[in-house]
Amino acid sequence: MYKVLLVDDEILIREAVSAKIQWKELGLELAGLCENGRQAVAFIKENPVDIVLTDIYMPYLDGMELSKYLYENYPQTEIIIFSGYGEFEYAKQALQYQVSEYILKPVTAKELSKVLVSVREKLDCKRTQERKIDQLNEIYHKYTKNESLIISKTLSRLVSGTQGIEKSLRELEELGVEIRGNAFRVVAAELDVYSEYGDMEKDMKKGSSLMSFVVENISDEILRRDDLGIAYRDSDHCVCLLIWKHAKQENTKHIREICAEIQENVHKAACLSISMGIGCCVTSLEELPYSYESASEMLRYRYAKGTGVILDCADKQCEENPMTLKKELKAADEAVKGFDQSRFEEIMRGIEAWMKARYVNRSVASAYFQQMVQMIYENVSQADDGFALPETVMAAIADANSIEAAMDLVREYAGQGFSALESIGQPGSKRQAAKAINYIRENYGNQNLGLNQICEYLNMSTSRFSSIFKEATGRTFTEVLIEVRIRNAKRLLRQTSLRNYEIAEKVGFSDPHYFSHVFKKMTGKTPKEYARENTE
C-alpha cells in the first residue's frame, strides 16, 4: 500500500480531502497532513512517502520549492500539484521537477480519486520493472562469469569472418556448441534506443550491456525451443541470431514469426523496442559474412521504415532515390509561391508516404529535405528580407533520426515561412502587383507576353499571382495588359502614319483583325476612325 502526504495551508481543504477520499479502496494510505512545505520536508525526512499531494501557494516553503526538494532528494516520490486557474501557468514550471499530475481547483473527490489511481498504477508499473531488472541483473552477473560470454565472442568472429572456420568450430565444440544444417541466415537485432538513429541518455548507455543480454537470453530460448539456431551478443547494443536449417527453402519458413515473437517477449520483459534485419540465405559457413553484412545493412533503413520493425533483405528490390521526386518538389515550390499551406502539407504527406513505402538512403533523403528548405527560404525571403535560414535548421535535418523527424523540421520551417508571408499581407501584394504592372508597361509589345511569363519573372505561382493582382488592382492581368496595349495603340495612331497591322504588331497583337475588334470594343471606334479624328 502506497503512502500519501497531503500538504495545503487551508485546513478546510485538508479536512475535506482527508475525509472524502476512500484511501484503502484506492490501495493508498494517508500518512500525514501538513500546513506548508517546511512541515512536509520535516515529515518526509522521518517518514518517507510514495505520493505527495501539494498546493502551490503556501507560507515558508511553497509547492514549487517543495517539488524541487523532492526532485533532488526523493526522486522516486510522485508529486501531484493543486493549482488555481490563476496559478496554472506558474504551476507548469514544475515540469522540470517531473511532477506527475496537475489538478485545477476546485476538484471533486471523484476527480481526485481518478488521478490518485492513475499515479498508483504508475508506481505499480515502476515496481514491477524494478523487480524484473533486479532479476535480470542477477542473471547477467552470473552470465558474465561463465562460458556463454566466450561462446558469443567465438560466434561473432565466425559469422563476421574475422577468424578461420576450423578454429572457430573447434573452439565451439570444446564449449559444447554444434553448428548444424546446410543453409544459414543471420538476423541482426539491435536496440532501437541505442541505434545510430536514436538519442540515448547517458545512464541508459551504461545499461546497454544488460539490455542486450535480455534480448540475447530471450532470443536464445526461443531458437533452442524450436532447434532453429543460436543467439549471441555481437556488441553492447546488437544481438545476432545464427539460424540454420537443412534445406534452403525451409530456412525462410518461420523466421519472421520467430522475430516477431522475440520482439514481443523482449517488450514484455523489459519494455524495450528492437529492430531486426534478416540477412540473405547462404549454403556454407564460408558465406556467413555475406548474410551478416546484409542483415546489418537492412537495419540502416529504419530511417525510412521506423523502429520496432522487421526488415528482410529478401523483400528489398532496390534502393530508391528521393531525388526522383522532382515533380513533388516543384509542386511544393508552387504551393509556397501560391501561399497555399494546405496544398503544401498535402504534398508533404505524399512524399512521406512514398519514402516510407520504399528503401531510402538516409543521406540522400536528408539532402532532399534540405533542398526543400532552401526552396522555402528563397521564396519567402523575396517577400520578406528579414526571413532567415539558420544553419541549425540544415544541421538538425541531417541529424534527424527518422523521416518523420526530418519532415517535422521541414514543416516547422515552412510554417514559419507561411507566417512571414501572412504577416506581410496586403502591402506585399501591392508591391508584387506594382512590379507586374511595370513589367507589362516595359514588355507590352512582346506578343508572347502572358501570365506564365510574368509569373516566372516574379517567381510566383499563377494562382497566387492572379489572386494578389486582382486584390491589389481590382482587375485581372489580361484586362491590364489589353488596356496598356490599346493605350499605346492610340498613341501610335495619333502620332504616326503606321498602318493598322503595323501598330497591331508593335503593341503585341499577332492578329490585326483581333486588334481591330478589341480596339473598337475598348474605344467605341475602329482604329481608322480613331486615327482620322485624333491625328496630331
Side-chain angles (χ1 to χ4, degrees), residues 185-200 215 235 237-241 252 255-256 259-260 262-264 266-267 272-280 290-332 344-376 393-414:
R185 292 188 84 174
V186 177
V187 178
E190 191 167 76
L191 295 161
D192 287 323
V193 75
Y194 198 77
S195 73
E196 62 177 304
Y197 308 123
D199 296 324
M200 191 177 188
V215 178
S235 67
H237 55 87
C238 184
V239 170
C240 284
L241 285 59
T252 60
I255 292 181
R256 295 194 194 193
C259 289
I262 290 171
Q263 284 182 326
E264 182 180 356
V266 167
H267 190 269
L272 291 173
S273 171
I274 60 171
S275 290
M276 307 184 80
I278 303 175
C280 62
Y290 297 113
S291 186
Y292 173 75
E293 288 170 8
S294 60
S296 300
E297 180 188 4
M298 293 309 297
L299 291 175
R300 292 172 42 227
Y301 296 106
R302 277 177 294 179
Y303 178 78
K305 300 294 186 179
T307 55
V309 291
I310 298 171
L311 303 169
D312 190 340
C313 70
D315 296 335
K316 181 193 170 189
Q317 296 179 351
C318 62
E319 190 174 88
E320 297 279 1
N321 189 344
M323 291 303 179
T324 60
L325 299 174
K326 293 180 180 178
K327 289 183 179 179
E328 288 74 9
L329 187 62
K330 184 178 180 182
F344 181 86
E345 178 54 35
E346 179 186 348
I347 295 164
M348 289 290 285
R349 287 195 296 269
I351 293 171
E352 185 172 358
W354 186 93
M355 289 190 182
K356 285 184 175 180
R358 291 163 175 79
Y359 291 91
V360 175
N361 180 284
R362 180 188 186 187
S363 60
V364 181
S366 295
Y368 182 83
F369 293 137
Q370 289 174 333
Q371 188 175 343
M372 184 171 284
V373 165
Q374 183 67 34
M375 172 271 293
I376 294 168
V393 173
M394 292 296 202
I397 289 173
D399 293 339
N401 57 26
S402 66
I403 280 176
E404 292 96 328
M407 295 198 81
D408 283 345
L409 291 166
V410 176
R411 287 187 175 100
E412 182 181 350
Y413 186 73

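A quick note: this is a predicted structure, and the numbers were derived from the prediction, not measured. Nothing fancy with the numbering, it's 1 onward along the sequence. All values below were derived from every heavy atom in this structure, side-chain atoms included, with hydrogens, water molecules and symmetry-related copies excluded.
When all heavy atoms are compared, the tightest approach of Gly306 to Ser275 is O-OG, 4.4 Å. When all heavy atoms of Ala400 and Tyr303 are compared, the pair lying nearest together is O-CE1, 3.6 Å. Across all their heavy atoms, Cys238 and Ala188 have their closest contact at SG-CB, 4.3 Å. For the pair Ser291 and Cys280, the tightest heavy-atom approach, listed with the atom from each and the gap, is OG-O, 2.7 Å. Considering all non-hydrogen atoms of both residues, Met372 and Ala332 come closest at CE-CB, 4.3 Å. The two residues Leu191 and Ile274 make their nearest non-hydrogen contact at CD2-CG2, 4.0 Å.
Residues Asp312 and Ile255 are not in side-chain contact: their nearest non-hydrogen atoms beyond the backbone lie 4.5 Å or more apart. Using a 4.5 Å cut-off on side-chain heavy atoms (C-beta onward), Ile310 and Ile278 make contact. The shortest distance between side-chain heavy atoms of Met407 and Met355 does not fall below 4.5 Å. Residues Arg411 and Asp408 form a side-chain contact, since some pair of their non-hydrogen atoms from C-beta on lies under 4.5 Å apart. Inter-residue side-chain proximity for Glu293 and Val186 is flagged as unmet; no heavy-atom pair is nearer than 4.5 Å. Looking only at side-chain heavy atoms (C-beta outward), Trp354 and Thr324 come within less than 4.5 Å of each other.
Atoms CG and CD, on Leu329 and Gln371 in that order, are 5.0 Å from each other to the nearest 0.5 Å. With rounding to the nearest 0.5 angstrom, the CD1 atom of Ile403 is 10.5 Å from the CD1 atom of Ile351. Atoms CD and CE, on Glu352 and Met348 in that order, are 7.5 Å from each other to the nearest 0.5 Å. Note that OG of Ser402 and CZ of Arg362 are 9.0 Å apart. Values are rounded to the nearest 0.5 Å.
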Please report the C-alpha distance between Cys313 and Arg185 in whole Å, then the side-chain angles of each, then the deciding distance to 0.1 Å, and finally whether the side chain to side chain contact (heavy atoms under 4.5 Å, CB included) criterion is met. CA-CA 11 Å; Cys313 70; Arg185 292 188 84 174; 4.1 Å; yes
Pair Ile376, Phe344 - check side chain to side chain contact (heavy atoms under 4.5 Å, CB included), show working. CA-CA 11 Å; Ile376 294 168; Phe344 181 86; 3.9 Å; yes
Verdict with supporting geometry, Tyr413 and Ile397, side chain to side chain contact (heavy atoms under 4.5 Å, CB included): CA-CA 11 Å; Tyr413 186 73; Ile397 289 173; over 6 Å; no
Check against side chain to side chain contact (heavy atoms under 4.5 Å, CB included), Glu297 and Tyr359: CA-CA 11 Å; Glu297 180 188 4; Tyr359 291 91; over 6 Å; no
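For the pairing with Met276, the side-chain contact (heavy atoms from CB on, under 4.5 Å) check across Leu241, Leu311, Val309 returns one residue only, Leu241.
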